[in-house]
Amino acid sequence: MSAVVGLAIALGVARLFGRANKEESRPGFFGLLQWCVLLVVAVVVLRGVLAGRPVAFAALPPLLIALFPWRFTTAVLVPRGMVRTAWFVVRGSTWVWFDDNRGGALVAAAWACLRGGGQPRDVAFVERRLGDDAAGAANLLATGLLAQAQGDVVAARRGIDRLVEFEGRVAPAQARRLAVQWCAAEAASRDAWARVAALGDDRDADATTTLLAAIARRMLGRAPVPEPSQLRALLRRVPRRAAFAAAVERACVHEVAADVVAPPPAPPAAATAPPLPAALRHHAALLGGDARGRAADVAAIEALCKAWDLAFEDRATAAAVAARRAALGAKLDPWLRLRETVDADLLALVHARGLPIGEDPASKPDSFGRLRRRVRQRLLDELELHADALHTRVRARRALPVHEEWREYLTLRGAYDHAIAMTGMGLHRLAFQAVHPAVCALAVWLWNDRKNRVHAHQMFRWLLREAELVEDAEAVALQRRNVDAGK
Amino acid sequence: MSDAAERWARNPLYVLELPISATRAEIERAGQKWLAMLELDLAAARLYATPLGPRARTPELVREAMAELREPDKRALHELWWLAPEDGPAPAPDDDGSPPDADAALGLDALTAAGWRRGA
């Protein structure tokens, strides 16, 4: 009985040392104390095992769990969705998560929550522990995993992707390592091989990420293309190799093709049908496409715009429409209304599908040029609205939990990236001017008043990079000072 | 369904199966005919053709179509959007039924394989 009590006290003390550990990149003083206690217990237990004492055999499992909490959690507790136990076990870890075992415990709990199917009480358990202003990178990863557990993979991708973009030293490094692996796995599930290959070069790529990146290079035929033997060698280093074995074999037999330059699109055939029915047929093909599964791309939209330009420029059609209007006694001009409806349809289509429509530097008066200008204006309006809402809230000092602040920043940044991707670099400067005051105010508030330096520093870094891209000297100087303050 | 697809599906000229040149009297006659057929639940009245394929016809849709065609401004616009249903949409240039980027599809559920998602 005294042996059991002694073991319980020793493990309890070791756990307390783990919770008290304060060292970002090494186990630290309390971490070493914890290992001293555990080693003494291990020696005692080992001697008991060698002496054949049953109590020593019973002490082995808790001792192994205390020695390797993260490995035990990911191998046993997470797959079974044991949220609370996972959180409890990792909270005393000192090696993998160093001083942020609080964040590590949160990651373990969120991961177990998603593997358990995102039960409401589990989600509530994790959420209750998310809203601390002192939270760091691990908190961000946990937020993303929780979004995935709730079925929102897009939000999860947005959140975890941004953690991958964290620059400089990130504590704990384990959070970023897991985030890189998650992003590679998620991209591979979508067959987004270019993204997977890029993640393979990340400084925190682990064995799983490296394997996925090698598969990606083979699928894309991108140098250096790994040989099947190299893929199988990488597979042997992956912890869950059985789950990847079939995919590796499929990748091995995949024909590696040289990069082929796509031929330029063929010019549209000369119009043989009257222009209005031809434009209508094109319009139905693209905008009725939701029901028929046809793809709309920018080239198809441009072709449709040209078809409409031909229709609207056709004098015979315009005359027939005017005559029909007179015969019906219509007061409004149907020709003008048709043009407005077509413009609205095309704008809605481009917006809904996020098509990279590009810019219109020459301000062409045709339908495609008009569409590009309207898309650009709408994106800019939306971005300004979004940034203004954030800025107003920051000025009013209406604080949100830090993970919500981060999510809001990511959403604004997502809208910013989306607007630039859809139009081009011409919008970049305007978009930066729209978001810079709001994001800077948020970051300064987080830094000065709320002492949340991890998130604020990343926001300053992003602002600095963007300011350099748009060559805004004043913003560059300001953000460089802010970034330097965090080094 | 997008706004454009909805516009075609509800175009009164398709709902009533009338040509653009239909007179006011023809519109009223067609409307009453479809309403009577729908009341008797005749199979021939249940569907109507549009360029995006057949759609279900209901008494509400028929009454709405009659009302739309009575207003000259609305009718003029519906006439412009009219396209012979048998013409259908123009074939998309790359509409060969193959998934995009089929060569690069591996069918690897890497999130599940790496333990980031619950397996089936």
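A, B, ... follow the sequence lines: proteins, then strands. Residue 1 opens every chain.
Looking at A:Trp182, the atoms closer than 4.5 Å to chain B (heavy atoms on both sides) sit in the backbone and in the side chain alike. For A:Arg325, no part lies near chain B; criterion is any non-hydrogen pair under 4.5 Å. Proximity to chain B is limited to the side chain of A:Val321, based on heavy atoms less than 4.5 angstrom apart. Only the side chain of A:Leu145 has a heavy atom closer than 4.5 Å to any heavy atom of chain B.
Rounding to the nearest 0.5 angstrom, the gap separating the CG atom in A:Leu114 from the CZ atom in B:Arg118 is 9.5 Å. Here A:Leu332 contributes atom CG and B:Glu71 contributes atom CD; the two are 10.5 Å apart, rounded to the nearest 0.5 Å. The CZ atom of A:Arg190 lies 12.5 Å from the CG atom of B:Asp109; values are rounded to the nearest 0.5 Å. From A:Leu280, atom CG reaches atom CH2 of B:Trp8 across 5.5 Å, with rounding to the nearest 0.5 Å. The CG atom of B:Asp73 sits 10.0 Å away from the CG atom of A:Asp333 when rounded to the nearest 0.5 Å. Atom CG of B:Leu108 is separated from atom CD1 of A:Ile215 by 6.0 Å, given to the nearest 0.5 angstrom.
For the residue pair A:Gln148 and B:Trp116, no side-chain donor N or O sits within less than 3.5 Å of a side-chain acceptor on the partner.
In this structure, B:Ser21 and A:Arg324 approach most closely via the heavy-atom pair CA-NH2, 4.5 Å. Taking each heavy atom of A:Trp111 and B:Ala114 in turn, the nearest pair found is CZ2-O, 4.5 Å.
The candidate from A:Gly329, A:Ala247, A:Ala243, A:Ser189 with the greatest count of non-hydrogen atom pairs under 4.5 Å with chain B is A:Ser189. Each of A:Val153, A:Thr208, A:Leu338, A:Leu212 has some count of heavy-atom pairs under 4.5 Å with chain B, and the biggest count is that of A:Leu338.
Take A:Phe312 and apply the ring pair (Phe, Tyr, Trp, His ring centres under 6.0 Å) test, not counting sequence neighbours, and it matches A:Trp308, A:Trp335.
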key: Derivation of the side-chain contact (heavy atoms from CB on, under 4.5 Å) call for A:Glu186 and B:Arg117   = CA-CA 10 Å; A:Glu186 193 274 334; B:Arg117 184 155 55 200; over 6 Å; no
Extract all donor-acceptor atom pairs below 3.5 Å that involve side chains of residues 340-349 of chain A and protein atoms in other chains or at least two apart in sequence.
from     : atom 1 : to       : atom 2 : distance (Å)
A:Thr341 : OG1    : A:Arg337 : O      : 2.5
A:Asp343 : OD1    : A:Arg370 : NH2    : 3.3
A:Asp343 : OD2    : A:Arg370 : NE     : 3.1
A:Asp345 : OD1    : B:Arg7   : NH2    : 2.8
A:Asp345 : OD2    : A:His283 : NE2    : 2.9
A:Asp345 : OD2    : B:Arg7   : NH1    : 2.9
A:Asp345 : OD2    : B:Arg7   : NH2    : 2.9

